[in-house]
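Only one structure is covered here, and it is reproduced in the block below.
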Amino acid sequence: MSSTAQTWTTKTGTRASGLFGIAAILVVIVAAAAPFLVSRDIVQDLFFILTMLVLAQNWNLLAGYAGLLSIGQQAFVGFGAYSMFGMVILLGVDPLLATLLAGFFAVLLAIPSGFFSFRLQGAYFGVGTWVIAEAVRLVVAQWKALGGGTGTSLPGEARKAMFGVDFLKNTFDMKTSQASDAIAYWFALVLAAATVLLFYRILRTRQGLGLAAVRDNETAARALGVNAQRMKVFVYLTTAFVTGITGALIYLQKARISPDAAFSVTDWTAYVLFIVVIGGIGTIEGPIVGMIVFFVLQKTLSDFGSVYLLILGFIGIATMIFAPAGLWGLFSAHTGIQLFPVRRRLVLNGSDHTLQDTRKGGFNG
Amino acid sequence: MRSTRPISGRASMNIIDTLVQGILLGGLYALFAAGLSIVFGIMRLVNLAHGDLIIFAAFAILTITSMFGLNPFLSALIAAPLMFAAGWLLQYFLLNRTLGKDILPPLLVTFGLSIIIQNGLLEGFAADSRRVPLGSLEAATIPLGAVNIGVMPLLTFLSAIVVIVGLNTLIYRAPIGRAFRATSDDPVTAGLMGIRPQRIFATATGLAMVVVTVAALYLGTRANFDPSAGPSRLIYAFEAVIIGGLGSLWGTLVGGVVLGVAQTIGATINPEWQILAGHIAFLAVLAFKPRGFFPRAVD
């Protein structure tokens, strides 16, 4: 120790995270060129990966950080998608604009939904959100202008007239379907990147620290002045907003909607839970890893129908029992590598005095 | 039928008829809810596979009935100990590992279990709707003044009362019930007194599966079911538990009746509104009486 006055700052970044950040920017740039480089099938696969990743990041923030174990996120996927269809079909709004606005409709649903579900604790909160999603599905199925229980299609003219389609058709000689797929894909890419950055930012702020504190010990966090309830409401509304946009985007690309599909608990919650759990809940890396595993499994096993879901169920249970921190948790515990570090480290006089974390497992923050 | 009744009395008759049907339907929902309620009461475990286990038991009863040509009631009598064993093993070897301060593992494991049971049944029995045949009893009614009461709905309701009285007696009077309550309050101290919490929990889930078998008998003989019917039964059970108040078995009967009446009233207005009306009743109770009608548990 020197006798000079000690100056200190805090730092969260690491060498690994710095390198990863540069690599991630390069990946996003290459990914942006995909519609010009690869076939339409692959663009659709990438679209699926990106949108499911956004849903997974949202559920991860809800369950892994705010302790809100929702089983009803399909309410926001379905309601976002239906409000987009409603705006396009009934009001003639541009589909792309309607997809953005769908997020606000999802928040409008989240306010009464939260009013009810926040009265329930723990696992009952989860079942409560599921009931609300079911109720919304039944109400939407009564909406005859949008096809009632059988659903409806997005008008072909609306997709043709969508913002950017003409430009792509004229400049790059694309077909309408190709152009609208490309636009949906870029939207998904921006949404996924923005979601990861936004959530990472949230977790690095004071509020994010409070969130982690609430997750680890709510009583202690409240005693230190963290307003747990306000944090939870903030996360619930934020994730509803992003989930609503994602739902609208998914159905912009599908161009065909029905209440049973748009409010499916298997598609929009069970798969998402699987992705988060297998990858590692409570980390930003986890859902990314989980998404890759899920996609590979789906590509190899989805022809087997119900056996595929059976296998997903077994893998999910085995992960929860034997490796509750998920694949990323296992990796991170062995190597100490974190790509999205949120832990603050003390830097004294410019030199890095890393406080070693002795905990095992994957939770950081 | 209704059209043969004099016009003046028809409306009020219909209302009484609807109410009676709704109350009797509530008996079925109370049977769904009682199993969920004891598992939560003793282990603080919300079993998301509860509805799928009901459907699983219904398929078990159906299989025994058709394989041996037995009466469904007798089949249920055979299925009950098998379901007890299944529940015991499930709790002892799987669910016990998930219990702890963190509520995420039990939730995710039972959700995974729900998906496994649904798709396992789909593999074994295909997606067709099934029904447990009951013969002449299916349509039998007892004329009671102006309304005809179905024998099976009445039996369902009476069974719900018997199950609740039986469970209450077991939990509050019998030695095993004392062990249940002690383990629920403090498993560590209960362990010091010679109770093995792991086994007590397994027994409790086994007991819940016996109740599930009773529920499955009346569900399977009353209406069609298929492998994907589980989640809705879980939701009805959950709604009945919350409406009645957490931790009270008589509460589940009240919750079931509220739900049943709301659904039958909804259905008379518009058949498509039956389920929605039940959800609305549930949300209304949540808004005005968030702890239900007879809350017992503090959490």
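Chain A is the first sequence line, chain B the second, and so forth, proteins listed ahead of strands; every chain is numbered from 1. Keep in mind that what you see is a predicted model, and the values were worked out from it rather than measured.
Residue B:Ile275 touches chain A through both its backbone and its side chain, counting heavy-atom pairs closer than 4.5 Å. With a 4.5 angstrom heavy-atom cutoff, A:Leu273 touches chain B only via side-chain atoms. Heavy-atom distances place no part of A:Ile311 under 4.5 Å from chain B, backbone and side chain included. A:Leu120 touches chain B through its side chain: at least one heavy atom from C-beta onward sits under 4.5 Å away, while N, CA, C and O do not. Only the side chain of A:Ile71 comes within contact range of chain B, with heavy atoms under 4.5 Å apart. Only the side chain of A:Val277 has a heavy atom closer than 4.5 Å to any heavy atom of chain B. In this structure, the portion of A:Phe322 lying under 4.5 Å from any heavy atom of chain B is its side chain and not its backbone.
Other residues, nucleotides and ligands contribute at most 12 non-hydrogen atoms within 6.0 Å of the CH2 atom of B:Trp273. Shown here is A:Phe48, whose CZ atom has more than 12 heavy atoms of other residues, nucleotides or ligands within 6.0 Å. Within a 6.0 Å sphere centred on CZ of B:Arg97, heavy atoms belonging to other residues, nucleotides or ligands number 12 at most. More than 12 heavy atoms of other residues, nucleotides or ligands sit less than 6.0 Å from atom CZ of A:Phe125. Annotation: B:Arg131, atom CZ; neighbour count of heavy atoms from other residues, nucleotides and ligands within 6.0 Å is above 12. Counted within 6.0 Å of NZ on A:Lys144, heavy atoms from surrounding residues, nucleotides or ligands total more than 12; the atom is thus considered enclosed.
Note that NE2 of B:His279 is 5.5 Å distant from CD of A:Glu134, once rounded to the nearest 0.5 Å. To the nearest 0.5 Å, atoms CE (A:Met320) and CG (B:Leu94) are separated by 12.0 Å. Here the CD1-OH distance, from B:Ile103 to A:Tyr124, works out to 11.5 Å after rounding to the nearest 0.5 Å. In this structure, CG in A:Leu309 is found 4.5 Å from CG in B:Asn119, a value given to the nearest 0.5 Å.
A:Phe116 and B:Leu286 make their closest contact through O-CD2, 3.4 Å (heavy atoms, listed as atom of the first residue, atom of the second, distance). Taking every heavy atom of both residues into account, A:Phe115 and B:Ala287 meet most closely at CE2-CB, 4.0 Å. Nearest approach of A:Ala270 to B:Ile115, heavy atoms of both residues: CB-CD1, 3.7 Å.
For residues 235-242 of chain B, a heavy-atom distance under 4.5 Å to chain A picks out B:Ile235, B:Phe238, B:Glu239, B:Val241, B:Ile242, given by residue number.
Chosen from B:Thr110, B:Leu104, B:Thr98, B:Leu45, the residue pairing most often with chain A at heavy-atom distances under 4.5 Å is B:Leu104. No other option in A:Thr319, A:Ile317, A:Ile321, A:Leu138 has as many heavy-atom pairs under 4.5 Å with chain B as A:Ile317. In terms of heavy-atom pairs under 4.5 Å with chain B, the best-connected choice from A:Ala123, A:Ala318, A:Gly316, A:Ser306 is A:Ser306.
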Inset, instruction - For A:Leu312 and B:Ile116, run side chain to side chain contact (heavy atoms under 4.5 Å, CB included): C-alpha distance rounded to whole Å, both residues' side-chain angles, the deciding distance at 0.1 Å, then the answer. - result: CA-CA 8 Å; A:Leu312 284 192; B:Ile116 290 173; over 6 Å; no
Inset, instruction - Begin with the C-alpha distance, continue with both residues' side-chain angles, and end with the deciding distance and a verdict on side chain to side chain contact (heavy atoms under 4.5 Å, CB included) for B:Phe111 and A:Val265. - result: CA-CA 11 Å; B:Phe111 196 61; A:Val265 68; 4.3 Å; yes
Inset, instruction - Using the side chain to side chain contact (heavy atoms under 4.5 Å, CB included) rule, take A:Phe304 and B:Glu123 through it: C-alpha gap first, then chi angles, then the decisive distance, then the call. - result: CA-CA 11 Å; A:Phe304 295 98; B:Glu123 280 294 305; over 6 Å; no
Inset, instruction - Step by step, work out the side chain to side chain contact (heavy atoms under 4.5 Å, CB included) result for B:Leu234 and A:Trp130. - result: CA-CA 11 Å; B:Leu234 167 74; A:Trp130 193 357; 3.6 Å; yes
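Considering only heavy atoms from C-beta on, B:Leu283 comes within 4.5 Å of A:Ile132 through its side chain.
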